[in-house]
Amino acid sequence: MKRRAAVLFLLGPALGEVLSGASPPLAFLNPLTILFIVPLYGSAAVLAREVARRRRLGWSGLLLLGAAYGVLEEGVVITSWFNPHWPGLLQLHGEGVLFEINWIFAIAFVLYHAVMSVALPVIVAESIFPDHADEPWLGKAGLALTAIILAAESVAGFVLFGFVAFRNVGYQHPPASYLVALAMMAALTLVALRQHQGDHQHDAKPPPRLWTLRLAALAAAGTWVLMESGMPNVIKVGLIPVLALCGLAAVATRTVQGWARRPAWGPRHRLALAAGTIGFWILLAPITEFTHPPGQNTLGMSLVGLAALAAMIILTRRVSELTEPPPKVETHSP
C-alpha cells in the first residue's frame, strides 16, 4: 500500500473512533480492537476515495459513499440499528423506532460516518499530499486488496455482533428489517456513482473567511450532538429528531455546495471546514475524559485532543503557505 493510502488508512479510525471517544486510547490499543477497527475504517476511507477519484464523482459522491459506509458499519456489520441492547440505543429509551430500526440512531450515524469516518480523513490526507490530491493512490491490485479487506471485516463483524456478542442477553440475530439496511446501502452507492465532478463555479462572490468556515463547522458538529443525544431526551416524539437531523444535513450540504461554486474556493477552505469539525471533538476530548460514564476508561482523551490540535495547526499553516494566493502588487502608471 502506498504511503499516501497508508496515511488515509490510519486517519479513518483515528478520526472516526479515537478522537470522537468511541474508542478511547486504552480501549483502542487492545489488539483485538485494532484488528477489527483499523482495517474496517481504514479500508472504507481508502476505497471510498479511490472510487470517487477514479470516477471523478466529486465531493458529493464521496459523501454519499461515506454515507453508504455508515449504513454498512452500523446497520449491516455491527447491527446497532436493531439491537435493543446496544449502548447508544439504550440512551434513546425506544424513541424513534419503526420496523425495528431506531431511525434517530440510524440517520445520526449515517451522517457521522459520512463526515468523520470518510470525508474528513480524505480532506486531511489530501492536505498532507496536495500534489497528488486529484489522482488515485492505488493500482488495481491495491484497490482489489482494499475491497477484500473491507468485505472480510464486514462479514466477520456481522457474525460477531449479529450472532455472538449479545447472545447472552437475548439478542441472537438481526431481524428481517436488516434487509432495509442492505437496500439503503445499495441505493446510496448507486446514487453516489451517478455523481459527476464538473465546473459549477457560477458565483463570483469570494468564499467565506477561513475562521467563518471553522466556526460554522464547529457549530454544525455541536448541533448534530444536540440533535442526536439531547433532543430525544427532551422531545418524546422520535420523528422530530429524525427530521431535525435530515434538515441539518440538507442545510449543511446546500450551504457548502454554494460556497464551493465560488471561483476562489480551494484546499484552504476545505481544510478549514475539516478543522472546525475536528475542533469540536478536540474541545470535547477533556470533557469526555473527566465526565465519563462508570466503567468506561477514557484516560488519555485530553492528550488525543492536544495531539489533534497540534496536528491541525501545523497542517493549516503548511496548506496556507502552499496555496495562499500572492498579494496583489499595485502598479502606478507614469
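Owing to the predicted nature of the structure, the values given are computational and were not obtained by experimental measurement. Numbers for residues simply follow the sequence, beginning at 1.
Cluster membership for Val237 and Met231, using ILVMFWY side-chain heavy atoms within less than 4.5 angstrom, is shared. Note: the hydrophobic cluster containing Val97 does not contain Phe82 (ILVMFWY, side chain heavy atoms under 4.5 Å, direct or indirect links). The hydrophobic clustering, which links ILVMFWY residues whose side-chain heavy atoms are closer than 4.5 Å, places Leu303 and Val18 apart. Residues Leu188 and Leu190 fall into different hydrophobic clusters, defined by Ile, Leu, Val, Met, Phe, Trp and Tyr side chains chained together at heavy-atom separations under 4.5 Å. Under the 4.5 Å side-chain heavy-atom criterion for grouping Ile, Leu, Val, Met, Phe, Trp and Tyr, Phe28 is connected to Phe9 within one hydrophobic cluster.
For the pair Trp81/Ser177, no side-chain contact is recorded, criterion being any heavy-atom separation below 4.5 Å from C-beta on. Side-chain contact between Leu64 and Leu57 is absent, with no heavy atoms from C-beta onward closer than 4.5 Å. Counting only heavy atoms from C-beta outward, the side chains of His173 and Tyr178 never approach each other to under 4.5 Å. The side-chain heavy atoms of Leu63 and Val118, taken from C-beta on, include no pair separated by under 4.5 Å. Using a 4.5 Å cut-off on side-chain heavy atoms (C-beta onward), Thr277 and Met116 make contact. Taking 4.5 Å as the limit, every side-chain heavy atom of Val164 sits out of range of all side-chain heavy atoms of Arg167. The shortest side-chain heavy-atom distance between Pro136 and Glu50 falls under the 4.5 Å cut-off. Contact of the Asn83 side chain with the Ile78 side chain is not registered, since no non-hydrogen atoms from C-beta on lie closer than 4.5 Å.
Of all heavy-atom pairs spanning Val304 and Pro25, the tightest one is CG2-CG, 3.5 Å. Of all the heavy atoms in Pro84 and Tyr171, the pair that sits closest is CD-CD1, 4.0 Å. Contact record, Ile101 with Ala106: CG2-CB, 4.2 Å, taken as the closest heavy-atom pair. The shortest heavy-atom contact between Ser80 and Phe105 is OG-CE2, 3.1 Å. In terms of heavy-atom proximity, Glu228 sits nearest to Ile104 at O-CG2, 4.2 Å. Arg53 and Ala133 get closest at one heavy-atom pair: NE-O, 3.5 Å.
At least one donor-acceptor pair closer than 3.5 Å links the side chain of Thr298 to the backbone N or O of Thr288. In this structure, the side chain of Gln195 engages the main chain of Val191 through a donor-acceptor pair within 3.5 Å. Remark: the backbone N or O of Leu40 is paired with a side-chain donor or acceptor of Ser43 at under 3.5 angstrom. Side-chain N or O atoms of His269 include none that pairs as donor or acceptor with a backbone N or O of Pro207 at under 3.5 Å. With Ser229 contributing its side chain and Leu226 its backbone, the two residues share no donor-acceptor pair below 3.5 Å. For Tyr112 (side chain) and Gly16 (main-chain N/O), a donor-acceptor pair under 3.5 Å exists by modelled atom type. The closest donor-acceptor contact from the side chain of Arg56 to the backbone of His196 lies at 3.5 Å or more, if one exists at all. For Trp137 (side chain) and His132 (main-chain N/O), a donor-acceptor pair under 3.5 Å exists by modelled atom type. Formation of a donor-acceptor pair under 3.5 Å by the Trp103 side chain with backbone atoms of Leu98 is found in this model. With hydrogens and angles ignored, the 3.5 Å screen pairs a side-chain donor or acceptor of Arg318 with a backbone N or O of Ile128.
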Let me see the working for Met227 and Leu111 under side chain to side chain contact (heavy atoms under 4.5 Å, CB included), right down to the final yes or no. CA-CA 12 Å; Met227 289 179 176; Leu111 299 178; over 6 Å; no
For Ile287 and Leu284, what are the C-alpha separation, side-chain angles and deciding distance, and is it a side chain to side chain contact (heavy atoms under 4.5 Å, CB included)? CA-CA 5 Å; Ile287 299 174; Leu284 199 63; 4.3 Å; yes
Under the side chain to side chain contact (heavy atoms under 4.5 Å, CB included) rule, what do Leu143 and Lys140 come out as? Steps first, then yes or no, please. CA-CA 5 Å; Leu143 185 65; Lys140 291 183 179 179; 5.6 Å; no
Any chance you could lay out the side chain to side chain contact (heavy atoms under 4.5 Å, CB included) test for Phe109 and Glu73, step after step, and finish with the verdict? CA-CA 9 Å; Phe109 280 90; Glu73 181 184 326; over 6 Å; no
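Using cut-offs of 30° and 60° on the angle between ring planes, the pair His113 and Tyr69 is perpendicular. Using the six-membered ring where Trp is involved, Phe158 and Phe163 have ring planes that are perpendicular, over 60° apart on the 30 and 60° scheme.
The distance from the CG atom of Leu213 to the CG atom of Leu273 is 5.0 Å, given to the nearest 0.5 Å. Of the inter-residue distances, the one linking Leu271 atom CG with Ser127 atom OG reads 4.0 Å to the nearest 0.5 angstrom. Put simply, CH2 on Trp281 and CG on Leu218 are 11.0 Å apart, with the number rounded to the nearest 0.5 Å. With values rounded to the nearest 0.5 angstrom, Asp131 atom CG is found 10.5 Å from Asp134 atom CG. Thr189 OG1 to Met185 CE: the interatomic distance, rounded to the nearest 0.5 Å, is 6.0 Å. Note that CD1 of Ile278 is 12.0 Å distant from CG of Leu283, once rounded to the nearest 0.5 Å.
Phe166 and Trp86 have their aromatic ring centers within a separation under 6.0 angstrom.
Under a 4.0 Å N-O distance rule, the pair Glu126/Arg270 does not qualify as a salt bridge.
Few gaps surround CZ on Arg54; more than 12 heavy atoms of other groups in view lie less than 6.0 Å from it. Summarising the local packing, NZ of Lys236 is surrounded by more than 12 heavy atoms from other residues, nucleotides or ligands at distances under 6.0 Å.
A cation-pi geometry, defined here as NZ or CZ lying under 6.0 Å from the six-membered ring centre and within 45° of its normal, does not hold between Arg49 and Trp59.
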